[in-house]
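A short write-up of the structure that comes next.
Both counts, for ligands and for their atoms, begin at 1 and track the order of listing.
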Amino acid sequence: MCGIFGIYNHKDAANITYLGLYALQHRGQESAGIACIDKNNYHYHKQMGLVSDVFTLDVIKNLKGTNAIGHVRYSTTGSSDLKNSQPIVVEYQKGHLAIAHNGNLINAYKVRDELRSSGSIFQTTTDTEVIVHLMARSKETVTAERLISALSPLVGSYSLLVLTQNELIAARDPYGIRPLCLGRLKDSYVISSESCAFDLIEAEFLREIEPGEILIINKKNLQSLFPFKKVPYRHCIFEFIYFARPDSFMFGNTVYNVRKALGRELAKEDTVEADMVIPIPDSGIGAAIGYSQTSGIPFELGLIRNHYVGRTFIEPEPSIRHFGVRLKHNAIHDLVKGKRLIVVDDSIVRATTSRKIISMLRFYGAKEIHFRVSSPPTRYPCFYGIDTPTRKQLIAASHTVDEIKAYMQCDSLKYLSIEEMRRAVNEDHYTFCDACFTGDYFMPFPVDMEQMELFSVDHKLE
Ligand code: AMP
């Protein structure tokens, strides 16, 4: 779970990157960083925290140069620590190099051990640093070829940016698991995890970077290489369901349209009678609109979200801890009182938030609560770049829908089926990875402690 942004050939490269990262903040809130490299200079700044906290006017002024890359991080491999923040900037035999990565390299531990046993010294515990070491060791003379030789032994997901003195290189893994797109801002090219960043800087969306594409941007031109064996696409379906911003275009579709289509599928076979459809904001909004349009049941904003709750909320005394959920969500009392509600969210992980929201709605007098989820039960963790908890913590890994319903204390609970979900994302044209719902891990992952937990399902309800 990370966001990356890059720009080539712009006098305000760092400033534009800062704005791009603002638009990608939802992809990672742990740390943010920008690196600029051009012929004469290299500068970088990274820190733990949100983009707005990490960069001040003075910091941006000091990030001189016409080419820049930036990163917002939410860790999937490596601890949440300043040393693991990106871009990683190094000086090696060929000059300076900065790299920003979104994804998860599942054989990074193994490759890292091999590199260490032959003398490499690692500064971070991220999978991304492995790429830097492999590039430094490559016998190739051209940077793009060094990158290709570094990526060749690596398995997993990557959408990444590499910046050197002369060029900006974008790469996307052959399965196209994470999104990445190309845009133009007057005489400059821009690359972003999501197209919503282009809208903010008024750049033109050109196209998605193709799965398996290595795109080289330099003073002379734009060059695409496809060095890897072609494989079927496996775009992450969870980007559509939850992770990406609704105003982004990816995998051939606008995220908002897909969320509405998921909601429409959810409503199609549903016979429940209710007075209104309310989303859990913000994640359930698109699906709730789709549900409402298909069922004809009015859409209302019955729940309001406080957008200013930081990640570092300090838990108060245990005796008043139950206020936690109200910090983020509150209900409109007179709207929900005495009503039969359809409450829509995109997914259930541990069911703790949804359970508390249901209890709050009952407290304010809701008559019936029918919970609807615009994805199938999340039964398996993701190893390809989304930070899902281990199987132990996923309630649907060890409980039936009826048991989850009893735990959440709703009047009915319905998930989307796998088939309905596939229909909503137009599976005919694009192929998706839906391993978090099906357990169909198309890339085998190494057996280590965390993955072993996959097979020890002993989660107990409170
Ligand atoms: P819960 O009711 O506690 O299971 O929480 C469900 C909420 O978590 C939903 O609103 C989802 O949008 C959100 N969610 C789903 N997957 C993730 C994830 N990987 N990280 C953070 N939040 C998530």
Return yes or no for this condition: an N or O of Met1 is under 3.5 Å from an N or O of ligand 1.
no
Any Val190 side-chain heavy atom under 4.5 Å of Phe205 side chain
no
Can you find a pair of side-chain heavy atoms, one from Gln293 and one from Phe299, that are under 4.5 Å apart?
no
Who gets closest to [atom] by heavy atom: [options]?
atom                    : options                : answer
atom 16 (N) of ligand 1 : Phe243, Tyr74, Phe238  : Phe238
atom 4 (O) of ligand 1  : Val349, Ile386, Asp282 : Val349
atom 15 (C) of ligand 1 : Ser375, Ser283, Ser347 : Ser347

Suppose we measure from [atom] to each protein heavy atom; which comes out shortest, and what is that distance?
atom                    : answer
atom 1 (P) of ligand 1  : Ala351 N, 3.4 Å
atom 9 (C) of ligand 1  : Asp345 OD2, 3.2 Å
atom 17 (C) of ligand 1 : Tyr242 CE2, 3.7 Å
atom 19 (N) of ligand 1 : Asp387 O, 3.2 Å

Parallel, tilted or perpendicular, judged at 30° and 60°: which one describes the rings of Tyr22 and Tyr18?
perpendicular
For ligand 1, the portion of Asp346 having any non-hydrogen atom under 4.0 Å away
side chain
Taking only heavy atoms of [X] into account, list the atoms of ligand 1 that are under 4.0 Å away from them.
X      : answer
Ile348 : 4 (O)
Ser354 : 2 (O)
Thr353 : 1 (P), 2 (O), 3 (O), 5 (O)

With Asp270, the salt bridge (charged side-chain N to carboxylate O under 4.0 Å, His left out) member among Arg264, Lys414, Arg372
Arg372
Carboxylate-amine/guanidinium contact [X] [Y], below 4.0 Å:
X      : Y      : result
Glu419 : Arg423 : no
Asp282 : Arg305 : yes
Glu265 : Lys268 : yes

Answer yes or no on whether Arg234 is positioned over the face of Tyr384, meaning its NZ or CZ is under 6.0 Å from the six-membered ring centre and within 45° of the axis.
no
